[in-house]
Amino acid sequence: MSFLITCPTCGPRKGYEFRYGGEDKGPRPDEAGLTPEEWVEYVHMNRCVAGVSKEWWFHRDGCSAWFTIWRDTRTNLQVQVSNDGPEEQS
Amino acid sequence: MTRLSELPTLRIDPYEELRFEYDGRPLTGVAGDSVATAMFASGVRVFSRSLKYHRPRGLYSLDGECANAMMAVDGVPNAAAETTPLAAGMRVGPQNVRGSADHDRLGFLDMFDWAMPAGFYYRLMHKPAAMWPIAAEQIRKMAGLGEMEPDHRTVGRYTETYLNAEVCVVGGGPAGMRAALAAAQYGARVVLLERRPWLGGSFEHRLRSLDDGTPAYQRARDLAAAVKAADNIRVFARTALIGTYNDNLITAVQRGANGDDFDERYVEIRAASIVVATGCIERPLLFENNERPGVMQIGCAHRLAHTYGLLPGRTAVFSVGSDGGLECAADLADHGVAITCVADCRPEGHDPELVEALRQRNVPFLAGWVATAAHGRKKVRGVSLTALDGTGTRDDSCDVLVASAGRTPLAGPVTMAQGKLAYDSHTGCFLPASLPARLHVAGRLTGLEDPAAIETSGHGAGLAAAADCGRAVETELRECDERLGQLPGPAAGSGLVRSPTHGRKAFVCFDEDATVKNVRQAIDQGFDVPELIKRFASVGTGPGQGGLPGHNLPMLVAELRGMPPESASPTTMRAPMVPVSMATLAGSSHDMCKRTPVHDSQKLPGAIMRRIGAWRRVRYFSDDLLCRAEVRNVRTNVGMLDGSSLGKFRLWGPDALNALQRIYVSDMAKLRPGRVKYSAMCNDDGCVVDDGIVIKRADNEYYLTTSSGRAGQTVEWFRYHTRYDGWDFKMVNLTDALGVINLSGPNARTVLERVADARVSNDAFPFSGYREFTLLGRVPARVMRLGFVGELSYELHVPSSYMRAVWDGVAAAGTDLGIANFGVEAQNIMRMEKGHLIVGSESEQRTTLNDLGLGFLWSRNKPEARTVGSVALAQTLEQPDRLKLVGFRMDDPEHTPRDGSIVVDERIRGWVCVARNSDALSQAVGMALVDEPLSGEGTTLQIYEDGCGGNLATARVVPMPFYDPGGARIRM
Amino acid sequence: MFLLPSTPLWDTSPPLKSSYDAVLIGGGLHSLATAYYLARDHGMTNVAILERRFIGYGGAGRNTAIVRANQRTQENVPLYQEALDLWPVLTRELDYNLMFYNCGNLNLCHSEAAVTAARMNIASAQFQGVGSEFLAPADVKRMVPALDVSDRPRHPIHGAMFHPPGGIVRHDAVVWGLAKGASEQGIHIHQQTEVTGIRAVDGKIQGVETSRGTINSPRVLLSAGGYSAGLSHRFLGVRLPISPLTIQAMVTQPLKPLLNHVVSSGAYHVYCNQTLKGEIATGAHMDPWPNYTTQTTAHYLKHQAEALTDILPCLRGVRFMRHWAGLADMTPDMAPIIDGNDPVEGYYLNCGWGYFGFKSCTSTGKYVAQYLATGERPEILEPFRLSRYKQHRLMGETAGAISYTPWN
Ligand SMILES: Cc1cc2nc3c(=O)[nH]c(=O)nc-3n(C[C@H](O)[C@H](O)[C@H](O)COP(=O)(O)OP(=O)(O)OC[C@H]3O[C@@H](n4cnc5c(N)ncnc54)[C@H](O)[C@@H]3O)c2cc1C
Ligand SMILES: [Zn+2]
């Protein structure tokens, strides 16, 4: 990856310092009553948006923080986004 | 061949001779020559033979843009002779010839082009079917250009350099130099890349005077001197761009010069801003035999004379489409070349000064004329020309035909950085139409031809780049833009691609022998977009990187399909822009691995080391791969193993227990100080990802171990699965901070007693205990009593810096007993005998905790912890037909199946994860993952080994552990 | 040219009808193969392939064309085995040379663990009647003299799995040949036609929306390669366990024959083979974050050179000349998703092929065609259902946990 990612602690760094950690799907669901359908949605299913997507990254060769960024999957570039996030595009 | 030796533009030293060898013959060049110019100087005209038709090919451009001048140089194939500097003693040879380049026995193939229309191999060569495999081998032999010997070794110094610049300027012509100077003037740190050995670009070899009377070459040298004098500009000459990537990453390859400590190096630059000023190359004119040796581009003829002092021929005809051609013709006339005529496909719009210059030299100038065919078999002997308006034709003889349809910007760096091009009918070029952020373009790349405009645009781009770096340039930038607005804009260019010819041999792509006719055939077969024609008719996929056909192909396709030129779009330009050798890309290619603190003490004679994950460890201490002596010594006496690669972590803080409960399947609230707890981590599928020990050292203070392979991911894993919780816990990876000695065997306690400053009797330090005490009087140690190998066993964790001392101390304390090292394989055998599993060896990606028989580790009483994997474990608990881990004993104790053998009946029912002939048990035993219906005790397993030819071995499912089932030995 | 007619291989501009019996989204390998067999085996010719760009734009035109049938599990092998057998058959049927070059695949082992894994694959292959054998380093050297089998490389070669039936095929020829075969039987291939929506009412497929208007159809097959998962979510809100990742490949300048087999190595993350044109084509693993850029990276070019030259040292003198990227739609268990009527009736999926979708396309197309035509799932496709993920029954194609998908 040739793009940069801005780590909240370390600032902009080469993308290869990081590890991708999936789409932002929210906190782990409660176990009680969780059906296989709900479980698989949380664990395996992705939206695969062609556009700006909120996702987790880990600063592996750095400060060991997990954090979220918005990234445009059509360009690989991180985008700065206001609090609520962008309208999802496709 | 005598050289022009007085020109001020020369880059050679005509008096310093260099001897080299070409095709076995001794030849001589001079210092400053490229391999190609030295060959040309020595009279070589046919440089190579083409891919399909074995047509003779000669010097065409001087920048390595096609395979014509690709040679074998010192055993390395496909070296671009035009850009390879000549060195004394080089061995150069032609490629793709049977015989010599001049006399190629396959030259007759040129007559069989009718049998090889576009894509003929798809439509013909499969009939009859039995023929195809034979034909395929023939194609292989005929295809390919250079030859590489399997045992060839490229020697040389290959290095890498990684730069961080504020502004990176690509292209060291007048625009690029002005850009560098402008940015540098505002204090920016600038890197300037130029593929040729010298700066100067399109000015560099030209004698013509600029508006202020300075000759262009002199202006180039003045600018170069200014660039050199600026101490915040670093110039990388002989540096060709490989690619431009996201967020302004630039890669390039630099050839070393005298005094450099490398022969070639990989250059990677991250820049805040980029200026691309790569100028233009010429695009070939499409006419019959447009690639006969002797047909060459304007720049080639011009630079042969001005840079290398070589006249391209005696009698020249020009068929060009830009003012550069007229200038070249006038210059060559001055140097004594007889110019028969200059045809310019543009009916008007010529630089009047140059037209006058030709008139003064009595060179006939034919406006609106173009070459239709070159004649001559191996070399050009003549040319047919026609007036584009059909008013006349003529034939001239010549030994050089300077032919060029016009220019085309070298826009690869822009498009690779996701900029877009659009066809501009005024210039007849694909010009940059949209640019990515923090990338600017300047110079001829933008269609400009006027020298002052070229420089001014460069200056402006440099200012814009400085602005990207936060410099206040507004005023000057505005002034610069105004000035540029007053200078001549892009010059009108000829849109002509193809001269009026119907011939079979007008080549669009020299490298692939693809003609206008082939393109038409492709279109007829339904391939209507250039990208498809590129693939179907192989246009622009050769070693020349598609530079030459890049413009002509889409234009030709539009023309043949009757579409307007504006509808054309160029095919995708891809990195690498220039061919790059793997030696250069591999660079220094360090072999990196981790060494334990006692690495040297392990490297004993006979020890066989293996790379295990990031580490190098000893797998066997002798060439007995069954490790009998190592195992026996542990089973009956005492051995020690360097286990330092084990993952080790400190976890602490108010939410440390919450984190443990989330990650481990067991109930970690039950941990008691002084005791070890074995547990496992699953992923969300309930599949085991790791196992290890957890120790509670105090409230909110834990020490844990992981397998060596997972050590690098454990912090990541803990933090990932708690990322939404905001918990307060800290984690440190101590893997490298602590070394580990595994001391095992019935005599382990005797040895430990001698080095430990604490009581270690079975009562004082029982099985599963954890203690902290000092060793050898001073070294603090964390010691746990485990039984992975199935014997009385201690794991000593000591600070890495003391590890060697402790290792030697323990070894000394056991010398009289015969203590000995054991390695990873001995440990593997013993743990297998004990029925202990290794995640990844006895589990697959899809193997759950329950499948491994480790369900007892899982605590179902902590749903509030939302333990990773617990949902899946619950949902699969009763699931039938899963692969289960079982122990088995071979019916034939002498026969051990190889690891990886499979368990079968009518179908495949499982596989052998590990099996060994157990010395301790005198049995062949192992573990297998088998379908659940086969997992019951006493079931017979049929084992199919690779190469067994259907002779199955049989085994019986037996309970584990095989060795010491009661566990007395680990508790003794 | 008098030997060959100069007519279009396939009908490049058929009329766009307002309704078809089946609509296949994507002009890639799987749609084309499915279409061909729909017509050939089931007489279904009122079928449209809708392609956003041109056929072969996706993975079909970017892959490294390696074919083999030595997969890890018996659920997979039969499909790939049949696909392998079909190359010569289809060459004849389509009267178009798919240029199957049966050079065999050599998979290097660099550790004891890798030897174990290879033995398992070999035993499985042999048991199922598929050619495969283990080679000791000396035999490996004999087969590929350019390989360094000494102790020098960072991962010394312990042996190799040799799979004689495999090789390479000309990927473009497969696209064009299948297009020819489908079109000749009356199937419409619409290029430059982007699907922008799928219409479903009451859990039943009605048709698709396209850049050229609405098309009605009771059956829609989503086989848009790396784009499939995003489209499924966008059009129907149906999410899939897929990550669309970038996979890159590159070729060297053409050489006279040097490598006579496909050579691959897991430890180095590299595979290579010499094409009939003489280029050494090579690729490796994927960049593990989802994106649709199809951009190459600088890192990769370098990685590839480092890896290749360590085991094939003579390649140090060879130059890379072209580097490209495509999408690989990876599932967590590295096996595809082939399913139908779940959760929408008439909605069929054939995606998640990762980097295996070339070698499998012919046989898969045949069975998917059967599935579409009859509505009954063929036995051989049973293991590839989408529901396996919620049932916690991952397929065993990958031995160890992989890091292509986020933490699972
Ligand atoms: C670099 C690389 C190397 C590979 N190497 C191999 C290999 O050696 N062996 C192997 O077996 N496999 C390999 N593969 C994988 C293989 O190429 C793919 O699995 C295969 O192409 C998938 O085929 P498909 O028909 O599903 O999709 P594709 O061939 O990708 O076709 C999908 C098509 O859908 C179109 N499309 C997308 N969205 C829309 C829309 N909205 N409307 C209409 N059309 C749309 C696209 O334009 C595209 O043409 C490789 C892939 C790559 C990228
Ligand atoms: Zn950081």
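Scope of the values below: all heavy atoms of this structure, side chains included, with no hydrogens, waters or symmetry mates. So you know, we letter chains A, B, ... as the sequences are listed, proteins then strands, and number each from 1. Keep in mind it's a predicted model, so treat the numbers as computed, not measured.
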Where do [X] and [Y] come nearest, in terms of heavy atoms and distance?
X: C:Gln253; Y: B:Asn78; result: OE1-CB, 2.5 Å
X: B:Met582; Y: C:Leu315; result: CB-O, 3.4 Å
X: B:Tyr158; Y: C:Arg316; result: CD1-NH2, 3.5 Å

Judged by atom type as modelled, is there a donor-acceptor pair below 3.5 Å linking the side chain of [X] to the main-chain atoms of [Y]?
X: C:Asn97; Y: B:Tyr121; answer: yes
X: C:Lys256; Y: B:Gly144; answer: yes
X: B:Arg153; Y: C:Pro313; answer: no

Fill in the blank from the handout: Residue set satisfying salt bridge (charged side-chain N to carboxylate O under 4.0 Å, His left out) with B:Lys127, at least two apart, ordered chain then number -> C:Asp95
Heavy-atom distance under 4.5 Å between the side chains of [X] and [Y], does that happen here?
X: C:Thr7; Y: B:Asp524; result: no
X: B:Arg846; Y: C:Met395; result: no
X: C:Gln74; Y: B:Arg907; result: yes
X: B:Asn246; Y: C:Gln295; result: yes
X: C:Trp176; Y: B:Phe536; result: yes
X: B:Phe527; Y: C:Leu9; result: yes
X: B:Pro150; Y: C:Leu258; result: yes

Could you tell me if [Y] and [X] have a donor-acceptor pair between their side chains, going purely by distance under 3.5 Å?
X: C:Tyr101; Y: B:Arg140; value: yes
X: C:His392; Y: B:Gln875; value: yes
X: C:Asp333; Y: B:Gln845; value: no
X: B:Tyr122; Y: C:Arg170; value: yes

Problem - Under 4.5 Å from a heavy atom of chain C, the part of B:Ala129 involved - result: neither
Problem - B:Glu149 versus chain C, the contacting section by heavy-atom distance below 4.5 Å - result: backbone
Can a salt bridge be assigned to the pair [X] and [Y] using a cut-off of 4.0 Å between side-chain N and carboxylate O?
X: C:Arg72; Y: B:Glu844; answer: yes
X: B:Glu160; Y: C:Lys302; answer: yes
X: B:Glu531; Y: C:Arg53; answer: no

Exercise for the section: Kindly write out the residues that satisfy ring pair (Phe, Tyr, Trp, His ring centres under 6.0 Å) with B:Tyr245, not counting sequence neighbours, or none if the list is empty. Expected result: none
Practice task
Would you check, one step at a time, whether the test side-chain contact (heavy atoms from CB on, under 4.5 Å) holds for B:Ser538 with C:Lys277?
Solution key: CA-CA 10 Å; B:Ser538 291; C:Lys277 275 181 77 178; 3.8 Å; yes
Handout entry: Within 6.0 Å of CD in C:Glu75, more than 12 heavy atoms from elsewhere
Key = yes
Completion exercise
Separation between CD (C:Glu306) and CG (B:Leu585), nearest 0.5 Å, reads 9.0 Å
Practice task
Could you look at C:Thr12 and say if it's the side chain, the backbone, both or neither that has a heavy atom under 4.5 Å from chain B?
Solution key: side chain
